Every structure is written in C-alpha cells, then in structure tokens.
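Below is one structure; the comments refer to it alone.
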Amino acid sequence: GAVVSQHPSWVICKSGTSVKIECRSLDFQATTMFWYRQFPKQSLMLMATSNEGSKATYEQGVEKDKFLINHASLTLSTLTVTSAHPEDSSFYICSARDSIQGTEAFFGQGTRLTVV
Amino acid sequence: GDSVTQMEGPVTLSEEAFLTINCTYTATGYPSLFWYVQYPGEGLQLLLKATKADDKGSNKGFEATYRKETTSFHLEKGSVQVSDSAVYFCALSASNRDDKIIFGKGTRLHILP
C-alpha cells in the first residue's frame, strides 16, 4: 500500500511552546488529509479534515486556533500545536487519501507528544 | 449520522484459537468498510477492506464479509498467533469520496502462548 510518513515520531516540549508535526504522502497525491488524536487505550478522535489548498474543516470542540493545520501541497500537511499545555499530551495520527483513487486512507506512524 | 459499533474488549484468547470480533454499522447509502490494526506504539495499518455488499476482504489469515442485510462486517481468523495481539478498529467511509473515515472504539486483543 501507499506510504504516509509522519515526523517526528515523538517529541517532548515545554509548556507554552509550539510544536509542529509533519505528515507526508511519499508515493501518492494526498488530496485529503485527516488529523486524529488518540488518548491511551481509546479510539481515534478526528480533529480535522483538510483538502489541499483550502482551509481545514475542524470537528466540533476542536480549537482551530490551538491546532493549526496547513495543507499547502498534495504531499504535505502540518499540524501545529500552539502554546502547548500538559493536557495536549497525546498521540497524534495523520492519514492521507487520494480521493480520486478511492476511499481508502493510509496512516502515518503517529507522533507522541509530551508537554512538560 | 454514520456510526460504527464494535465489541468491547479486551479479548483474551489462547494461541491457535478461533477469533471473532463483531462490528456493525449505521450509514446512509453504501459505505466502504475497513478493519485497521494498531500494534503497540504505532499508527494504524489497513488490515482488510470491502467496498460493496457480499465482498469478502482478507489478509494475513483474517477475513471479513460485508453483510448489507445485517449491516455487519465481523472480523474472523481461524487460528490466532501471539503476534496478532494488537488493537483492531472497524471503520467505514461514506460513498462520497471526500467524506471522513469513522472508527469504532477499537477492540484490544491479547493472545496467550
């Protein structure tokens, strides 16, 4: 299957700083990208959906000014957690889909964020 | 709205036992159905999929059949291995290709040697 690379795989940052997570589709054009958050032993919570070149659509309850999503190209989307706090510590996972080819989405390996 | 319901875990089995993880869905139209697997500390990997009624997805000994009449997509494996220990997510994607993927809550599977 297609490959989605997410970077970094883990990061520790100080409270109040911002962290950027990158999600790249390596061998296909990701017309749609999704960002999820996963709490320990729980399912994935969809945070936002982004289509290349347009603003992301955020799910209810997700602060768009807190979690900045940029999908500037067909192979790259970034999630920036601004002014991070300990409660933002979580596992963040991106997925990408070539909407022209089908409904299947491919997932990155996830980023574990720890805010201290 | 669309939703996915899967059996709660954890499920604990002995090696070589038969596995079934139930999954039912609610959706308008004809969604595509997926099973994803997540190994500890990793992202999700697509395990198998089915895009229309009566399709059977299969991979690594796992199978699931898209049953429109019962709105189900149960995951089965005839003989599990310790390496199958992971969390399994049932998911659907609406027929609209721009729509999001909706996940079930996940089922944690433990296989004992």
Side-chain angles (χ1 to χ4, degrees), chain A residues 1-10 21 23-25 29-52 54 56-60 62 71 90-112 114, chain B residues 1-11 21 23 25 27 29-52 55 57 59-60 66 85-110:
Chain A
V3 178
V4 175
S5 176
Q6 190 172 336
H7 178 81
S9 56
W10 61 270
I21 302 170
C23 180
R24 293 180 184 274
S25 58
Q29 294 185 329
T31 51
T32 306
M33 284 190 169
F34 306 90
W35 286 95
Y36 295 86
R37 183 173 180 177
Q38 186 180 33
F39 293 98
K41 298 186 179 182
Q42 295 189 27
S43 188
L44 284 74
M45 181 191 79
L46 180 65
M47 299 174 67
T49 303
S50 70
N51 292 299
E52 183 265 338
S54 61
T57 301
Y58 288 81
E59 296 297 301
Q60 192 172 11
V62 178
H71 190 170
S90 191
F91 194 57
Y92 293 87
I93 303 176
C94 73
S95 73
R97 178 165 68 196
D98 181 347
S99 300
I100 297 173
Q101 296 298 321
T103 57
E104 180 178 343
F106 301 93
F107 285 78
Q109 66 269 44
T111 298
R112 182 160 302 284
T114 302
Chain B
D2 296 352
S3 66
V4 175
T5 302
Q6 63 182 103
M7 63 188 291
E8 293 188 18
V11 173
I21 300 178
C23 171
Y25 67 91
Y30 302 94
S32 295
L33 302 175
F34 308 90
W35 277 100
Y36 285 89
V37 58
Q38 185 180 32
Y39 298 101
E42 298 183 16
L44 271 69
Q45 301 174 27
L46 179 66
L47 181 60
L48 53 84
K49 67 177 181 180
T51 57
K52 60 182 187 297
D55 267 3
N59 185 26
K60 299 180 181 180
Y66 190 144
S85 298
V87 181
Y88 293 81
F89 293 93
C90 186
L92 69 80
S93 179
S95 56
N96 175 352
R97 290 180 171 178
D98 291 330
D99 210 348
K100 55 196 174 188
I101 295 177
I102 296 170
F103 287 88
K105 293 186 176 181
T107 302
R108 187 173 297 274
L109 175 65
H110 295 291

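Just so it is clear: chains get the letters A, B, ... in the order the sequence lines come, proteins before strands, and each one is counted from 1. Note that the coordinates shown come from a computational prediction; the quantities given were computed from them, not determined experimentally.
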For B:Gly104 against A:Ser43, the heavy-atom pair lying closest together: O-OG, 2.6 Å
If you count every heavy atom of other residues, nucleotides or ligands that lies below 6.0 Å from B:Glu42 atom CD, does the total exceed 12? yes
Can you tell me if A:His7 has over 12 outside heavy atoms packed within less than 6.0 Å of its NE2? no
For chain A, which of B:Val87, B:Leu46, B:Leu44 has the most heavy-atom pairs under 4.5 Å? B:Leu44
Contact origin within A:Gln6 toward chain B - heavy atom pairs under 4.5 Å: neither
For A:Gln38 against B:Phe89, the heavy-atom pair lying closest together: NE2-CZ, 3.6 Å
Applying a strict 4.5 Å limit to non-hydrogen atoms, the region of B:Gln38 in contact with chain A is side chain
Looking at B:Phe103 versus A:Phe107, is the centre-to-centre ring distance below 6.0 Å? yes
Side chains of A:Leu44 and B:Ile101: closer than 4.5 Å at any heavy-atom pair? no
List the atom of B:Ser93, the atom of A:Arg97, and the distance in Å for their closest heavy-atom pair. OG-NH1, 3.2 Å
Neighbour count above 12 (heavy atom, 6.0 Å) for A:Glu59 CD: yes
